[in-house]
Each structure stands twice: as C-alpha cells, then as structure tokens.
There are 2 protein chains.
Amino acid sequence: MRSASASPGPDDITATARIRDAAVRLFGERGYDRTSVRDIATAAGVSPALVIHHFGSKDGLRDECDRWMLAQLSDKRADALGAQAGATIQQWLAEPEQFRPLVDYLAMMLTDGGEHGRTVFDLLLAETGAMLDASVADGTMRASSDPEARALLVTLHGLAPVILRGHLERALGGDILSSAVLARLTLPSLELYTDGLYSDSTMLDAARAAIDAQNEQL
Amino acid sequence: MRSASASPGPDDITATARIRDAAVRLFGERGYDRTSVRDIATAAGVSPALVIHHFGSKDGLRDECDRWMLAQLSDKRADALGAQAGATIQQWLAEPEQFRPLVDYLAMMLTDGGEHGRTVFDLLLAETGAMLDASVADGTMRASSDPEARALLVTLHGLAPVILRGHLERALGGDILSSAVLARLTLPSLELYTDGLYSDSTMLDAARAAIDAQNEQL
DNA sequence: TAGCCTACTGAACATGCGTTCAGCATCCGC
DNA sequence: GCGGATGCTGAACGCATGTTCAGTAGGCTA
C-alpha cells in the first residue's frame with residue numbers, strides 16, 4: 001500500500017507536506033488538544049511514528065504549522081496588495097472552501113495564547129495601523145484623537161468575524177463563508193464605518209467633557 | 001485535614017461551589033482540555049473522586065459551569081440595566097480582577113463550539129439587536145439598511161475585546177483589564193461609532209452602486 | 001556489489017487521564 | 001443507640017496519548 005508511484009490525489013506531494021496540511025486542517029477544525037498524532041497520521045496516510053520522525057514531536061509539528069501559516073499570510077497579503085490582487089480575490093470568491101483551513105487555523109492561533117499567535121496579531125495590528133495612517137494622509141479617512149488605540153480597535157473588529165465565524169454563519173443562515181455572506185455584510189460594514197452608529201455627537205461630547213473634567217482634577 | 005469547621009478563605013462555602021468556582025477559573029484560564037480533574041480538585045482542596053461524585057463526570061462539570069455562567073450573565077445584565085446599575089459598574093471599575101474569570105470563561109464558551117456557546121451568543125445578539133432597535137426608535141442611533149446584519153456586526157465587534165483580551169492588554173501596555181485600559185478605549189470607540197472611519201461616502205456609494213448593478217442584472 | 005543514508009513502519013512503552021469502587025466518617029430521623 | 005443517607009477519600013483500573021525503538025525497503029555513492 002501507498003507505493004511511491006502515482007495515484008490521484010495528494011500522493012504526489014511529499015509526505016512531510018501532507019502531514020503538515022492535515023495538521024493545519026485538523027488543528028484548525030478541532031483545536032490542538034483534541035487532535036491526536038494518530039488522527040493526523042491517518043489523515044495524511046502515514047504512520048504516527050513518521051509524524052514524530054519528521055517533526056520531532058507534536059509540539060514541533062505545531063511550530064512548523066505556525067511558521068507555515070505566517071508564511072502563507074505574508075504571501076496572501078502581498079498578493080492581495082500587489083499585482084495579483086484581482087486574481088487572489090477572485091480565487092477567494094470562487095472557492096472559499098479552499099481557505100477555510102487557513103482561516104480556522106489563524107483563529108486558533110489567535111485564541112490559544114501561543115507565541116506565534118502574538119506574532120501574527122502584532123503583524124496584523126501593525127499593518128492595520130499603517131493602512132489607517134496612509135488613509136488619513138491621503139484624505140480618505142478621518143484623523144483620530146488616539147491613532148494607536150483606533151488601530152487596535154479596527155484590528156479587533158476585523159478579527160472578530162474570523163474567530164467567531166461559526167456564530168456568524170449560523171446567524172446569517174447556516175451556510176459557508178461564501179460570497180453571499182460576504183456580500184450581506186459589505187453594506188452594513190461600510191455604513192458603520194462611514195456614518196457610524198450614533199445620529200449625533202451627544203455621547204461623544206459627554207465622554208470628552210467627562211475626561212476633560214477628570215484631567216483637570218489631577 | 002480540611003475539617004468542616006471554620007478556617008479563613010473559601011472554606012465557608014460548599015465544596016460543590018468551590019469545585020465549580022475553581023473549574024470556571026481554570027477552564028477560563030487554560031481551556032477545557034488543558035485542565036485536568038485533578039487540577040480542579042487540588043485548586044478546590046478536595047479529592048478528584050469528589051468532583052466526579054458531585055458532577056457525574058468532567059463533562060457534567062463543564063455543563064454546570066456553562067449553566068452557572070449563563071445565570072451570572074443574566075444577573076449582571078439585569079443589574080447593569082436596572083436599579084443596581086451604578087453599583088455594578090462601580091464594582092467593576094473597583095475590582096476588575098474579580099470579573100476576569102467570568103470574562104475568560106465566556107471567551108472560552110464562545111470559541112470552542114459547544115452548545116452553550118451558541119446559546120450565549122444568540123442571547124447577546126438578540127439583546128444587541130433589541131438595544132439597537134430601541135436606540136433607532138428614540139432617535140439616538142441611525143437606521144440601518146440591514147438591521148439584522150448590523151446587529152450581528154456590532155455584537156461581533158463587542159465580543160472581540162473579550163475574546164482577544166490578552167492581545168488587547170499586550171498592545172495597550174501589558175497591564176490588566178483595568179479602568180485605565182477601558183478609559184483609553186472609550187474615546188476612540190465613541191469616535192468610531194459617531195463619525196465612522198471614512199471621511200466621506202465615496203466607498204459606501206461605490207458599494208451601493210455595485211450592488212444595485214448586480215441586482216439589475218438578475 | 002557493498003555500504004550507507006533516508007523514508008518509513010509495527011509494536012511496544014510510559015505517562016497522565018477520566019472514572020470506579022470499597023470504605024470511612026458524620027449527621028439526622030426514629 | 002441505631003440504621004441509613006450523605007460527603008468525602010485513597011487506591012486502583014482501563015484507556016488513549018505522545019513517544020521510542022528495532023528493523024525493513026529503496027535509492028544513492030563508491
């Protein structure tokens with residue numbers, strides 16, 4: 001079984017890569033602790049011993065997955081901003097299923113407190129901050145009284161659908177992270193980021209006044 | 001050891017309650033799978049067997065924690081909206097550490113796909129929707145082209161700091177979910193929800209036009 | 001051909017886990 | 001005083017897990 005020669009499917013790529021792909025998918029779906037080395041080995045069509053042989057330990061495998069994820073993220077970001085922008089976005093809209101493992105794994109990285117999770121968050125935060133600064137500079141976005149805190153908020157808000165994808169899909173009618181769901185969210189998002197929520201600045205003025213009063217007290 | 005009579009600390013409450021409190025704290029801190037029944041028993045000062053004796057199984061204990069969390073959430077919400085509003089908020093600002101286990105446990109519930117996590121999300125979503133509708137009715141907030149989707153977005157955005165608390169604290173200078181951090185976020189949040197991000201409606205108009213065009217095509 | 005390295009396996013091992021069980025106190029109704 | 005719940009324990013059991021290890025197959029260099 002599992003001869004070296006051709007068979008359709010994922011047998012044409014290296015066993016190491018197959019293990020890594022299976023691990024990313026399963027870690028993203030079930031989480032690190034609920035995924036056993038045996039599960040990953042079975043999904044990749046190899047023996048559990050080979051997983052350890054190639055990655056040293058389960059934790060080593062996770063490390064490799066994290067690193068691979070960071071690389072993918074850089075690639076996609078570069079594509080989405082560079083010459084490949086159109087192609088990348090079309091690919092996303094055409095086959096959202098393909099990216100689901102990546103999104104789920106990213107969510108897992110961010111929520112379980114590992115070192116690479118911090119790295120990826122800091123990266124996203126920095127990019128968001130840079131994007132906001134550039135937009136303020138070219139006039140498309142408003143300036144903020146606290147650009148750093150605003151960048152943080154916008155980053156958090158952007159990550160929420162990624163991490164709570166399951167709840168989002170359930171609330172919007174069961175289905176996948178499809179173009180339909182994305183379309184449904186586009187308009188409300190832009191409305192929110194264009195006109196805000198409040199119809200006037202009553203609340204904002206009150207908060208400003210309260211903070212000023214507190215500052216004077218010191 | 002551990003006689004029934006008085007000793008300072010958490011010995012005056014029932015062992016069942018001590019186990020539940022320890023479980024909520026540890027599940028919230030480390031997650032369900034990384035917390036063993038033995039850990040919980042040690043933290044509560046009882047034997048592992050007693051944990052099973054009172055809750056049937058580790059999963060039963062988790063169920064009880066979930067239910068307790070839902071009850072706490074209802075209580076706090078009622079307090080925060082009712083007569084106790086001022087007292088509850090002051091308590092929060094005075095001793096944020098006290099609420100950390102609750103917040104962490106809530107984050108865990110929402111991210112690990114259990115049934116009670118769905119319940120609590122749906123609850124929060126419904127309350128957010130009702131709050132938005134009421135605010136639109138009394139004129140403090142703008143109407144939306146898609147109130148359901150907007151409620152979902154606002155809920156997701158509100159939950160993001162809860163779930164990514166660790167990253168938030170790290171980005172804002174290491175420290176706890178303190179009044180200082182909350183104060184730092186208040187103004188940018190209100191700015192975001194009052195004036196939005198974009199300085200004009202160019203993007204929004206473009207999206208509306210694109211969607212109109214697509215609808216006409218069908 | 002000989003030797004060696006790499007990819008890979010099946011079987012076993014040690015450990016930590018959730019859970020069970022027999023038994024020990026203590027309290028409460030009779 | 002007594003019988004039976006109730007609260008609780010220490011020790012053990014069975015199991016799944018991550019990991020190790022001896023060994024096989026196949027390709028590469030000499």
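Because the structure is a prediction, the values reported are computed rather than measured. Protein chains get the first letters and strands the later ones, always in sequence-line order, with residue 1 at the start of each.
- Counting non-hydrogen atoms under 4.0 angstrom, A:S36 reaches the backbone sugars and phosphates but no base.
- When the C1' atom of C:dG18 is taken as reference, atom CG of B:L50 falls 15 Å away, rounded to whole Å.
- Residues satisfying the ring pair (Phe, Tyr, Trp, His ring centres under 6.0 Å) criterion with B:H54, sequence neighbours excluded, are absent altogether.
- With sequence neighbours left out, the ring pair (Phe, Tyr, Trp, His ring centres under 6.0 Å) criterion links B:F55 to no other residue.
- If you take CZ of A:R30 and P of D:dA16, they are 15 Å apart, rounded to a whole angstrom.
- The distance from atom CD1 of B:I40 to atom C1' of C:dG16 is 15 Å, rounded to the nearest whole Å.
- As judged by a 4.0 angstrom heavy-atom cut-off over every strand, A:T16 is placed among residues making no nucleic acid contact.
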Provide a list of protein-nucleic acid N or O atom pairs under 3.5 angstrom, restricted to nucleotides 19-25 of chain D.
unit_1 : atom_1 : unit_2 : atom_2 : d
D:dT19 : OP2    : A:K58  : N      : 2.6

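- At a cut-off of 3.5 Å, with distance as the only test, no side-chain donor of B:D33 or A:Y32 sits close to an acceptor on the other residue.
- For the pair B:D33 CG and C:dG18 C1', the interatomic distance rounds to 12 Å; values are reported in whole Å.
- With sequence neighbours excluded, the residues forming a side chain to side chain contact (heavy atoms under 4.5 Å, CB included) with A:Q98 are A:Q91, A:E95, listed by chain and number.
- Per the geometry, OH belonging to B:Y32 stands 11 Å off C1' belonging to C:dC17, to the nearest Å.
- Remark: P of D:dA16 and CZ of A:R34 are 18 Å apart, rounded to the nearest angstrom.
- With sequence neighbours excluded, no residue forms a side-chain hydrogen bond (donor to acceptor under 3.5 Å, both in side chains) with A:Y198.
- Between the P atom of C:dG18 and the CG atom of B:L26 lies a distance of 12 Å, rounded to the nearest Å.
- Partners of A:R62 under the side-chain hydrogen bond (donor to acceptor under 3.5 Å, both in side chains) rule, at least two apart in sequence or in another chain, are A:D112.
- Rounded to a whole Å, the CZ atom of B:F27 is 12 Å from the C1' atom of C:dG18.
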